[in-house]
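Below is one structure, written out as structure tokens; the observations come after it.
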Amino acid sequence: MTKEFVDVLVIGAGPSGCVSASYLHKNNVKVKVVEKQKFPRLVVGESLIPRVMDHFAEAELFDALDAMNFEKKLGARFIRGEEICVFDFSKKFGEGWDWTWQVPRADFDNTMAQEVVRKGVDLEFETEVLEVSFEGKKSKTIVKDKDGNLKEIHANFIIDSSGYGRVLPRLLDLDTPSKLDPHSSIFTHVKDINREEGEEGTQISFDILETEVWLWVIPFSNGNTSLGVVGPTDFINSLSENKDNAEALKNAIQKSDYYIKRFAGTEFLFEPVKLENYSRAVKRMYGDGFALTGNSSEFLDPVFSSGVAFATESGMLAAKLYLKESKGIPVDWEVEFTQYMKRGIAVFTTYVQEWYTGNLQTLFFHQPENPDVKEKICSVLAGYVWNEENPFVKKHDHVIANMAYLLNMQKEQSPE
């Protein structure tokens with residue numbers, strides 16, 4: 001069996017892995033990336049939020065991505081019957097990017113991976129991790145390539161960016177139940193032949209069918225659009241008696257007064273994919289010689305598109321902390337990694353939970369709008385969830401519920 005020796009082994013070539021690998025490579029760290037799948041490959045998570053742009057810029061991946069002319073995402077629209085709430089990222093509290101992208105992830109991830117390779121990073125596709133063992137902080141990882149050849153990779157550190165593959169959580173028994181209620185989704189792409197001109201045709205939208213059930217519409221610059229339905233797992237399963245994903249998604253589209261004309265009868269470009277009980281959590285996010293990033297650690301919910309942002313945030317942070325430690329500077333991984341990430345995750349967890357209780361929807365659709373409240377919520381939706389100057393970050397655990405309660409009381413007490 002052949003052996004390789006590297007400073008850092010990155011498992012997974014998605015956004016988290018590519019950001020980690022690119023940042024480490026530019027800082028002269030010997031890094032190797034192994035990816036189980038062949039790119040391009042289908043993956044969900046096609047709506048980004050502005051915070052990710054900071055990471056792509058710092059990892060020197062922005063220019064390659066920008067050259068692809070992906071659809072620009074300037075905000076997000078939420079629809080509930082005849083009520084519409086639009087968030088504009090340029091009208092948010094605090095500093096930060098005012099836009100991001102809506103992307104077919106197959107093309108987006110492949111562009112990043114190829115740019116990492118172009119920079120000189122050793123990246124092996126179709127290479128599966130079979131076994132990992134640690135001796136102190138040093139690790140030995142056995143991988144198998146597409147031809148069945150085995151290899152030992154010896155590393156000083158592992159960054160697990162394996163996403164839903166969850167390599168180290170599986171091998172090291174790190175999985176734990178999510179705090180979020182079980183939800184599932186079904187999605188596909190369509191050729192958007194009925195797309196309107198201008199902003200109406202390109203704006204990402206979330207159409208609320210019921211309090212806990214919503215349809216996503218994510219238009220791409222290539223003329224296709226991602227369609228998905230999200231809701232409690234029991235509801236998603238009830239959309240088709242035969243458990244037929246295509247039938248279920250068609251039935252969901254029929255429930256949308258806003259989009260039924262645009263998408264009814266539109267052919268799906270691939271058999272709709274179902275993600276069941278997708279929320280994930282782990283017992284710990286790091287250990288001696290490794291860190292978990294992106295979906296390999298925590299995944300919340302697609303409603304506010306936070307997945308890629310947490311992936312790149314944790315990927316960049318893990319790379320920086322390893323680099324710091326490699327220079328002999330002490331690192332408190334509990335404080336600097338776990339507690340930092342958990343602060344941001346806690347904010348978004350509250351927003352997801354309050355979305356499904358309906359409290360956040362009460363704030364979104366209340367009229368007249370409160371511009372001050374809206375810009376502070378907009379900052380959270382843009383991914384700036386560590387900015388504790390924003391009271392909707394600092395007091396996230398009660399501010400939404402309290403405001404929704406007051407608004408509902410006012411509504412009940414106001415004359416008809």
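Since the structure is predicted, the reported quantities are computational estimates derived from the model, not experimental observations.
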Would you call [X]-[Y] a salt bridge at under 4.0 Å N-O?
{"X": "E334", "Y": "K342", "answer": "no"}
{"X": "R262", "Y": "E196", "answer": "yes"}
{"X": "E115", "Y": "R118", "answer": "yes"}
{"X": "D173", "Y": "K283", "answer": "yes"}
{"X": "R77", "Y": "E199", "answer": "no"}

Applying side-chain contact (heavy atoms from CB on, under 4.5 Å) to L321 and Y340, what does each step give before you reach the verdict? CA-CA 12 Å; L321 293 178; Y340 173 84; over 6 Å; no
Check the pair I84 / Y258 against side-chain contact (heavy atoms from CB on, under 4.5 Å), numbers first and verdict last. CA-CA 11 Å; I84 293 178; Y258 196 93; 4.1 Å; yes
How far apart are the closest heavy atoms of A252 and L239, and which atoms are they?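 Looks like CB-CD1, 4.2 Å.
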List the atom of K376, the atom of D372, and the distance in Å for their closest heavy-atom pair.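 K376 and D372 have their closest heavy atoms at NZ-OD1, 2.6 Å.
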Check: [X] side chain, [Y] main-chain N or O, donor-acceptor pair, under 3.5 Å:
{"X": "S16", "Y": "A311", "value": "yes"}
{"X": "R80", "Y": "I208", "value": "no"}
{"X": "Q102", "Y": "P219", "value": "yes"}
{"X": "K374", "Y": "V86", "value": "yes"}
{"X": "N110", "Y": "A106", "value": "no"}
{"X": "E35", "Y": "A13", "value": "yes"}
{"X": "S221", "Y": "N69", "value": "yes"}
{"X": "N359", "Y": "E354", "value": "no"}
{"X": "N27", "Y": "Y23", "value": "yes"}
{"X": "T293", "Y": "G315", "value": "no"}

How would you list all residue pairs meeting ring pair (Phe, Tyr, Trp, His ring centres under 6.0 Å) that involve residues 217-250, not counting sequence neighbours?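 As it turns out, the ring pair (Phe, Tyr, Trp, His ring centres under 6.0 Å) pairs with a partner in residues 217-250, which skip direct neighbours, are H189-F220.
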Ring pair (Phe, Tyr, Trp, His ring centres under 6.0 Å) contacts touching residues 25-46 (sequence neighbours left out):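 For residues 25-46: F39-F125.
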Please check if the number of heavy atoms outside [X] that lie under 6.0 Å from its [atom1] is greater than 12.
{"X": "E197", "atom1": "CD", "value": "no"}
{"X": "E126", "atom1": "CD", "value": "yes"}
{"X": "D257", "atom1": "CG", "value": "no"}

Enter the distance from [X]:[atom1] to [Y]:[atom2] here, rounded to the nearest 0.5 Å.
{"X": "W386", "Y": "R51", "atom1": "CH2", "atom2": "CZ", "result": "6.5 Å"}
{"X": "I159", "Y": "M316", "atom1": "CD1", "atom2": "CE", "result": "10.5 Å"}
{"X": "T127", "Y": "I11", "atom1": "OG1", "atom2": "CD1", "result": "11.5 Å"}
{"X": "R166", "Y": "N295", "atom1": "CZ", "atom2": "CG", "result": "8.0 Å"}
{"X": "Y356", "Y": "T211", "atom1": "OH", "atom2": "OG1", "result": "11.5 Å"}
{"X": "F108", "Y": "F70", "atom1": "CZ", "atom2": "CZ", "result": "6.5 Å"}

Between [X] and [Y], does the ring centre distance come in under 6.0 Å?
{"X": "F56", "Y": "W97", "result": "no"}
{"X": "F62", "Y": "W101", "result": "yes"}
{"X": "W333", "Y": "F157", "result": "yes"}

Go through the side-chain N and O atoms of [X] and [Y] and say whether any donor and acceptor fall under 3.5 Å apart.
{"X": "Y322", "Y": "S20", "result": "no"}
{"X": "K119", "Y": "S22", "result": "no"}
{"X": "D207", "Y": "S205", "result": "no"}
{"X": "Y384", "Y": "D54", "result": "yes"}
{"X": "N224", "Y": "K191", "result": "no"}

Using salt bridge (charged side-chain N to carboxylate O under 4.0 Å, His left out) as the criterion, list what pairs up with K32, not counting sequence neighbours.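 Salt bridge (charged side-chain N to carboxylate O under 4.0 Å, His left out) check on K32 returns E4, D122, E124.
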List the steps, then state whether side-chain contact (heavy atoms from CB on, under 4.5 Å) holds for I253 with Y259. CA-CA 7 Å; I253 293 169; Y259 283 112; 5.6 Å; no
Taking T233 as the fixed residue, which of S184, S238, S185 is the one that meets the side-chain hydrogen bond (donor to acceptor under 3.5 Å, both in side chains) rule?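 Answer after filtering S184, S238, S185: S184.
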Are the side chains of [Y] and [X] in contact, using a 4.5 Å heavy-atom criterion?
{"X": "I49", "Y": "K73", "answer": "yes"}
{"X": "W216", "Y": "V44", "answer": "yes"}
{"X": "F206", "Y": "V230", "answer": "no"}
{"X": "Q353", "Y": "T349", "answer": "yes"}

Distance-only donor-acceptor pairs under 3.5 Å for side chains of residues 392-408, two or more places apart:
| unit_1 | atom_1 | unit_2 | atom_2 | d |
| --- | --- | --- | --- | --- |
| H396 | ND1 | T350 | OG1 | 2.8 |
| N402 | ND2 | H398 | O | 3.3 |
| N408 | ND2 | A404 | O | 3.1 |

Where do L209 and S256 land on the side-chain contact (heavy atoms from CB on, under 4.5 Å) test, with the steps shown first? CA-CA 6 Å; L209 308 181; S256 171; 3.9 Å; yes
Qualifying residues under ring pair (Phe, Tyr, Trp, His ring centres under 6.0 Å), relative to F348, sequence neighbours excluded: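 Residues passing ring pair (Phe, Tyr, Trp, His ring centres under 6.0 Å) with F348: F310.
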Just list the side-chain donor-acceptor pairs under 3.5 Å for residues 266-276, sequence neighbours left out, or say none.
| unit_1 | atom_1 | unit_2 | atom_2 | d |
| --- | --- | --- | --- | --- |
| T266 | OG1 | F263 | O | 3.1 |
| K274 | NZ | N237 | OD1 | 2.3 |

